[in-house]
Protein chains: 2
Amino acid sequence: MPKRRSYDEAPPCAIVATLNLINGRWKGVILYYLTVNGTMRFNELHRHLPGCTPRLLTKQLRELEDDCFITRTVYAVVPPKVEYALTEEGRSIAPILMQMNDWGARWLQRRGLRPQSNEAA
Amino acid sequence: MPKRRSYDEAPPCAIVATLNLINGRWKGVILYYLTVNGTMRFNELHRHLPGCTPRLLTKQLRELEDDCFITRTVYAVVPPKVEYALTEEGRSIAPILMQMNDWGARWLQRRGLRPQSNEAA
DNA sequence: CTGAATCCTTGACGATACTG
DNA sequence: CAGTATCGTCAAGGATTCAG
């Protein structure tokens with residue numbers, strides 16, 4: 001059973017539930033990159049998230065794993081190699097992420113900020 | 001100029017931006033209710049958000065107002081009457097909210113939780 | 001390369017009471 | 001009715017260092 005976090009409380013409101021799952025500083029972007037790029041390694045992901053410490057990245061990844069959004073595959077090699085990929089469940093939110101990306105880009109533009117392109121690595 | 005909050009920092013990533021705007025315990029649901037019900041009063045909104053204190057509701061509403069998602073109309077009557085409604089900008093995220101509602105409902109069902117219906121008041 | 005350990009800051013959010 | 005005021009908690013997230 002996935003470990004629950006603080007904001008998972010009683011009334012099962014669908015919107016609140018959805019937001020709780022992708023809340024967390026980088027979860028949305030992580031899922032987005034995995035959607036676009038497919039399988040990614042830890043540092044590969046890390047390079048795409050300027051300002052995210054490894055500690056926090058690890059935490060967010062673990063939570064996404066607990067919530068069955070991603071899988072974590074460890075290869076027994078030296079140096080270590082760990083790959084992250086979306087599960088079926090993880091792929092199912094892709095439409096929402098894409099819409100958020102589009103909407104957010106337009107929002108940024110309306111405010112005169114050029115959104116950084118979120119393209120494949 | 002809208003007051004910015006802590007998590008608005010440098011790299012203008014569209015997804016991060018979108019998430020930041022609807023982060024906050026109840027913002028998503030507030031916007032959802034306003035989308036479905038149109039104009040709503042403070043206590044009307046409050047009744048739909050069990051567990052949300054007036055203090056927090058006020059805060060979230062002010063932030064949504066600062067971000068130009070909603071308007072706040074005060075009527076000079078006794079007893080006081082304040083109405084909240086979506087702006088054009090606020091209406092533009094409706095598709096995302098609807099998708100989140102649908103996706104979340106399915107997610108809750110997969111976990112054996114019956115989502116509470118988010119219908120009009 | 002992929003983290004874990006440790007320590008710390010801060011701000012989101014809660015509880016309760018009160019008011020024009 | 002629609003908030004404010006005050007006080008408090010707690011966990012998310014940051015900084016830095018170390019390790020298999």
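Given the structure is predicted, the values throughout are model-derived calculations rather than measurements. Lettering of chains follows the sequences in order, A, B, ..., and the numbering in each one begins at 1.
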Worksheet, complete the sentence: With the side chain defined as heavy atoms from C-beta on, A:L56 is closest, among D:dG13, C:dC1, D:dG3, to D:dG13
Worksheet item: Which nucleotide sits closest to the side chain of B:P80: C:dA15, C:dG3, D:dA2?
Response: D:dA2
Worksheet entry | Interatomic distance, A:L57 CG vs C:dA4 P [rounded to whole Å] | 11 Å
Practice prompt. Please name all residues satisfying side chain to side chain contact (heavy atoms under 4.5 Å, CB included) with B:V77, sequence neighbours left out, ordered by chain then number.
Written response: B:Y75, B:K81
Worksheet item: Who pairs with A:V74 by side chain to side chain contact (heavy atoms under 4.5 Å, CB included), at least two apart in sequence or on another chain?
Response: A:R72, A:V82
Worksheet entry | Contact summary for A:L86 and A:I70, nearest pair of heavy atoms | CD2-CG2, 4.0 Å
Worksheet item: Which atoms form the tightest heavy-atom contact between B:W26 and B:P50, and what is the distance?
Response: CH2-O, 3.4 Å
Worksheet entry | B:L61 CG to D:dC1 P, straight-line distance once rounded to whole Å | 16 Å
Practice prompt. Mind calculating the distance between CG (B:N23) and C1' (C:dG11) to the nearest angstrom?
Written response: 13 Å
Worksheet entry | Distance, rounded to the nearest Å, where A:F42 contributes CZ and D:dA19 contributes C1' | 14 Å
Worksheet item: Closest to the A:P79 side chain: C:dG14, C:dT2, C:dC1?
Response: C:dC1
Which atom pairs, one a donor and one an acceptor, fall under 3.5 Å between side chains of residues 91-98 of chain A and the rest of the protein, sequence neighbours left out?
from, atom 1, to, atom 2, distance (Å)
A:R91, NH2, A:E88, OE1, 3.2
A:S92, OG, A:E89, O, 2.6
A:S92, OG, B:W103, NE1, 2.9

Discussion item. Could you tell me if the side chain of B:M40 sits less than 4.5 Å from the side chain of B:Y33, heavy atoms only?
Written reply: yes
Discussion item. Base, sugar-phosphate or nothing for B:E83? Non-hydrogen atoms, less than 4.0 Å.
Written reply: nothing
Worksheet item: When you match A:G51 and B:P54 each to their closest nucleotide on DNA chain D, which lands nearer the 5' end?
Response: B:P54
Worksheet, complete the sentence: From CG of B:N20 across to C1' of D:dG13 the rounded distance in Å is 13 Å
Worksheet, complete the sentence: Applied to residues 95-105 of chain B, the salt bridge (Lys or Arg N to Asp or Glu O under 4.0 Å) test, sequence neighbours excluded, yields none
Fill in: d(CZ, A:R41; C1', C:dG3) in whole Å
13 Å
Worksheet item: Which angle, rounded to 10°, do you find between the first-five-pair axis and the last-five-pair axis of the helix from C:dC1-D:dG20 to C:dG20-D:dC1?
Response: 60°
Discussion item. Can you give me the closest heavy-atom contact between B:I22 and B:K27, atom names plus distance?
Written reply: O-CB, 3.8 Å
N/O to N/O distances under 3.5 Å, protein versus nucleotides 6-8 of chain D:
from, atom 1, to, atom 2, distance (Å)
D:dT6, O4, B:R55, NH1, 3.3

Item to complete: Without swapping roles, check the side chain of A:T71 against the backbone of A:T87 for a donor-acceptor pair under 3.5 Å.
Response: no
Worksheet entry | Donor-acceptor contact below 3.5 Å, side chain B:T39 vs main chain B:E83 | no
Worksheet, complete the sentence: Closest to the side chain of A:R72, out of C:dT2, C:dG14, D:dG13, is C:dT2
Worksheet item: Roughly, in whole Å, what's the span from CG in B:L49 to C1' in C:dC13?
Response: 14 Å
Worksheet item: Whole-Å distance between D:dA5 P and B:R62 CZ?
Response: 11 Å
Worksheet item: When we call it a touch if two heavy atoms are under 4.0 Å apart, what does A:Y75 touch: a base, just sugar-phosphate, or nothing?
Response: nothing
Practice prompt. Please check the phosphate of C:dA12 (OP1 and OP2 only) for any side-chain N or O of B:Q60 closer than 4.0 Å.
Written response: no
Item to complete: Verify the contact: side-chain N or O of B:K81 to OP1 or OP2 of D:dA2, cut-off strictly under 4.0 Å; return yes or no.
Response: no
Worksheet entry | Out of C:dC1, C:dG3, D:dG14, whichever nucleotide has its closest atom nearest the side chain of A:R25 | D:dG14
Worksheet item: Which residue, B:C52 or A:Y84, contacts DNA chain C at a nucleotide closer to its 5' end, judged by nearest heavy atom?
Response: A:Y84
